Amino acid sequence: MSILVKEHQFHLQTDHTSYIFHVMANGELGQLYYGQRIHDQPAFPELTVREEHGAIPAWRLDQPDFQPETLKQEFASLGKGDYRDPAFQITGPDGSRISEFRYQDYRIIPGKQRLTELPSTFDDSDDDAQTLVITLVDAVTNLTLTLNYAVFPHQDVIVRSAQFTNQGQQTVTLNRALSLQLDLPDANYDLLQFSGSWARERHLVRQPLRSGIQSVGSLRGASSHQQNPFIALARPDTNEDQGAAFGFNLVYSGNFLDQVEVDAFDTARVLTGINPTEFGWQLAAGQHFQTPEAVLSYTSAGLNQLSQQMGTFYQHHLVNPRFAQQPRPVLINNWEGTYFDFDEDKLTAIAREAKQLGIEMFVLDDGWFGHRDDDTTSLGDWDVYAAKLPNGIAHLADRIHGLDLQFGLWFEPEMISIDSDLYRAHPDWTVVAPQREMTPGRNQFVLDMANPAVVDYLYGKISKLIKEAHLDYIKWDMNRNITESFSDTLPAERQAEFAHRYMLGVYQLYARLTTDYPHVLFESCASGGGRFDLGMMYYAPQAWTSDDTDAVERLRIQYGTSYGYPLAMMGAHVSAVPNDQTGRITPLETRAAVAYFGDLGYELDVTKCSAEEKAAIKAQVAFYKAHRELFQQGTFYRLDNPFAGDGNVGSWQVVSDDGRHAVAARYQILNQPNPAYHRLYLRGLQPDQRYQVAGDDHVYFGDELMHAGLFVPHLLGTTQGVEASTDFSARVFVIDAID
Ligand code: DGJ
């Protein structure tokens, strides 16, 4: 049993954690404990704080020590004495914004059902999940609030969401409806967030919590390059290998808010959900509103463990089971190789060469439709550009398939160009507010995904191509954020619903396509990693991690991303040098050594490579395929942090479930004369097992490799007479058990 219910007390137990809450004296829910697993008890009197503080509002005259502001609450409202930011807020028909949701009953449902309109977690594999549904009622508005807790015991994960149902006669307005609240009894934590920009996504930022509100979020209509919905709270002494840490993520791709509020008593309230700015929802009689799901996890064993357990959870309970464990193909994408300048013969020549190198899939990127020669035209016109590809996409696809390669195609479904037949036919399908100019972004505009006709149109266009060209893969891009939020399909009082309805339209299109064409592998993309989130991952098992393909930048981007997402979710490509984003020239070996730790691809014109480069790529692809299961499904460890110190060294490792096979890599950004000695301490091996490190005659025990480490020789043997710089160098270590 993972859900233990005593009188008005709920104890959710996973293999290593306990999450406990109860019904408080006022009938609302109070949080008691979340952390390392503890024994169940009939009651936990020491876990509630009932101390009377002067001048703080109390619930009732006869309960002066029941002061909502001082209590750990489970899903708090504003207006009855708790002044912290609330989990929700509702305006009733009379304009009042007070809610008092009192406990009514609970149900325990075996397993975990999917949500119907939103991406969500599931338990298809009978992994012992159970769902606790708590029902609360506000007697004045006649609203029901259900709080859902899905407990996944073996990954130490709890998934939460809330649903509001209007059982009354009159419409109410949801001004705010977050997915998760967690009140922690102290604030002695560091907040780990993953911040950046286009081409510099998800850099680790770690700061101690301070008094007041600290938050990350997005109002861009996408989860964004700038912030990511994944955050963690870790004790100050928590590192990769030990210490307490909580992880929070949201199964959502639009505007989000992750917030931690530290109050006067140094308690910390975590809130996660749809960003309340740009949100409002009219809840008419009989209607319900379902929040996105929030994923919550705890470990006392450090940040590597936190990433591993959350990553394993996603692979088993979020990612489409058809693809979750399936080896992802090594692909070649023509974008950086040709940009818009291609024809069928040029593409086929690249594909033919790629096939020789062992690559398994060819992806045709932007520029194949309408009359698109640059980024100013044709978005929305998803018909072949006959001047470039006179024989059509299906003919090209046949040639690619004839080479025994899979074929993938790029779309940017949510966008429209002014210079397009679609815009000429349906200008009203473009997102713009009445009497306002449309704000361009990358010369393009946004389609109103809240309009069902738009979703139908896109479904028709994309399905036709899937069928005609027998597509194996689709790259779904999104290259600008939303402005002038407004939908012609919504009445004035519902316009605040636009941002969420836009996401529901995106999800509906994804759901229809993935249901009707289940064999198609989707890769999501938003100018690189601008929508790298769990909402997307539900439909698209992998995502283009960043437009930045420079090995040095990618090391940090992939390292940061790895805190919240497993390697199988990260598209990672080797491109040409000088790099198109940074101008940096890094060795081909280093570019590959970074891209191995993800879903490997190449993004360059291989017909222009020298014979040596082709031989190197061929060897890289063969190496990756030989270790693909490790790179895509193995247990990932961060070893040396490229965000720490002078950031000159980074290293990481993947290891098989049985601990018998591992690949580690160490990267050095700039070479330095007489640098400090460096040892690489491996993780996850069997201490008593003998191992061989490829290229090294010595036989090691696992404990030596983990605790004494491998000596990493100075990569520049001498400071005299050096011909090649060893800046941007990488060493890859292959470790195998020997019997
Ligand atoms: C942005 C993507 O991130 C790139 O990989 C490429 O697909 C371009 N868009 C095409 O316009």
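Note that ligands are numbered from 1 as they come in the structure, with each ligand's atoms numbered from 1 the same way. Bear in mind that the values here come from a model prediction, so they are computed numbers and not experimental data.
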For atom 3 (O) of ligand 1, which protein heavy atom lies nearest, and how many Å away is it?
-> Asp547 OD1, 2.3 Å

Is there at least one pair of N or O atoms, one from Cys525 and one from ligand 1, spaced under 3.5 Å apart?
-> no

Where is the nearest protein heavy atom to atom 11 (O) of ligand 1: which residue, which atom, and how far?
-> Asp366 OD2, 2.6 Å

Between Glu360 and Arg628, is there a salt bridge with N-O shorter than 4.0 Å?
-> yes

Are Lys461 and Asp381 within salt-bridge range, i.e. N to O under 4.0 Å?
-> no

Measure from the ring center of Tyr252 to the ring center of His500 and say whether it is less than 6.0 Å.
-> yes

Using heavy atoms and a threshold below 4.0 Å, how should the contact between Met415 and ligand 1 be classified: side chain, backbone, both, or neither?
-> neither

Take every heavy atom of Glu336, measure it against each atom of ligand 1, and state whether any distance is under 4.0 Å.
-> no

Short N or O distance, Trp335 and ligand 1, threshold 3.5 Å exclusive | no

Considering distance alone, does some N or O of Arg372 sit under 3.5 Å from an N or O of ligand 1?
-> no

Ranked by distance from atom 6 (C) of ligand 1, the top protein heavy atom is Asp365 OD1, 3.3 Å

Show which atoms of ligand 1 fall inside a sub-4.0 Å distance from at least one heavy-atom site of Gly528.
-> 3 (O)

Ring centers of Tyr596, Phe631 separated by less than 6.0 Å = yes

Ligand 1 atoms nearer than 4.0 angstrom to some heavy atom of Trp544 are 3 (O), 5 (O)

Does the separation of the ring centres of Phe643 and His203 fall below 6.0 angstrom?
-> yes

Select one of side chain, backbone, both or neither to describe which atoms of Asn479 lie under 4.0 Å from any atom of ligand 1, heavy atoms only.
-> side chain

Could you tell me the residue and atom name of the protein heavy atom closest to atom 5 (O) of ligand 1, and the distance to it rounded to 0.1 Å?
-> Lys475 NZ, 2.7 Å

Using distance alone, determine whether Arg442 and ligand 1 share an N or O pair under 3.5 Å.
-> yes

NZ/NE/NH1/NH2 to OD/OE distance under 4.0 Å, Arg424 and Asp421 = yes

So, are Arg584 and Glu553 salt-bridged, with charged N and O less than 4.0 Å apart?
-> yes

Salt bridge Asp548-Arg554, side-chain N to carboxylate O under 4.0 Å | no

So, Arg556 and Asp550, do they make that salt bridge, N to O below 4.0 Å?
-> no

Glu412, portion touching ligand 1 at heavy-atom distance under 4.0 Å = neither

Would you say the ring centroid of Phe194 lies under 6.0 angstrom from that of Tyr563?
-> yes

Protein residue, atom and distance nearest to atom 9 (N) of ligand 1, heavy-atom basis = Asp477 OD2, 2.7 Å

